[in-house]
Amino acid sequence: MIKVKEVKIYHIGMRLKAPFQTSLGTVEERESLIIEVIDQDGVSGWGEVVAFSTPWYTEETIKTAYHILKAFLIPVILKKEIVHPRHVHSMFNHVKRNQMAKAGIELAIWDLFSKKEHRSLSRILGGTRSKIEAGVVISIASIPNMLAEIEKRLAEGYKRFKVKINPAIDYELIKEIRVHFPELPLMADANSAYTLKDLSKLQRLDDFQLMMIEQPLRADDIVEHRLLQENLQTPICLDESIASFHDAFSAIQLKSCQIINIKAGRIGGLWEAKKVHDLCQQHDIQIWCGGMLETGISRAHNIALASLPHFTIPGDISSSSRYWEEDIIVPLVEVKDGTVNVPTGAGIGFEVNRRRLRSVAKHIESVTC
Ligand SMILES: [Mg+2]
């Protein structure tokens, strides 16, 4: 039984080593909310709200998440005893959506619970792997710069490469990559930059044996993706469209995708993520664990999640040094020969570097019973 006595919100800002560009915007400084829950025994658990500063990816932002946490979610957590972290998501049933805010606190409670059980979060969730394979995202840049970046990351051993595409830069880019790297495990993420009117443009990408095309159409669509998938050889992977377990169920029933990118933040926490994992396993839908340009805390949760048996495609799980001069966890997440070790220590298996956390904090707030 967990009784949370205090919740701390650290509103932080960390400058990315290099600006990260997608079809919908450029991120230079990554704002984030780090959540620390402290129980009656003084044990801390850590989570992260992966919303961005602007609502370009989902409708949530750092500010909306802060409000939802303070006004609605944290009071529930402080009021009620928690038997098991798998109950946390349903304790928030009176709050519609706001999945990233919900996940931030749910993740922290999983870490706390696993620490109190003296077991790794991976094993508590049902993880079976001791190592996971790492993939990397190549930011939009000039084609020669992107080719050079792929070369560099290939030398580092990454197992899967993702490029961001949009209608202005797709065919030529992928073609050029294929000329230089014909066998590269390559996928393309459109972040909803296309419509069904672009069908013939998307069909041209069938020439390149992409592992998948991620979220080509509207962020809230499931039906049009089905119409697209019927006319496309390349498997469709859904990301933004899957905001809940129910969305995953709908997409599978409608055959709107062959692959789902699971992000605990986007679907409201680790328990929902595990349920989607199990559903996809039953229906033979492939899955992988997506990234959100997050700090080491969320990355550590992703490693635990990706250790579940049905995560068969390498996830967006790169080294801490890929984005940060200095991460807020120790040890750092390190990719060696394209794999990351799943930690065996209690909880997320990484310590929070409190000095570094305070140095990047814009504001720290403590909420108590
Ligand atoms: Mg995506």
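Just follow the structure's listing: the first ligand is 1, and inside any ligand the first atom is 1.
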Name of whichever N/O/S atom of D189 is nearest to the Mg ion (ligand 1):
OD2
The Mg ion (ligand 1) - closest N/O/S atom in D239:
OD2
Measure centre to centre between the rings of Y10 and H363, then say whether the value is under 6.0 Å.
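For Y10 and H363, the ring centres are not under 6.0 Å apart.
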Is the distance between the ring centroids of F92 and F72 under 6.0 Å?
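No, ring centres 6.0 Å or more apart.
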Do Q203 and N231 have side-chain N/O donor and acceptor atoms under 3.5 Å apart?
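Short answer, no.
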For the NZ atom on K3, are there more than 12 heavy atoms of other groups (residues, nucleotides or ligands in this structure) within a distance under 6.0 Å?
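Correct, the count exceeds 12.
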Metal site the Mg ion (ligand 1): N/O/S of E214 inside 2.8 Å
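Yes.
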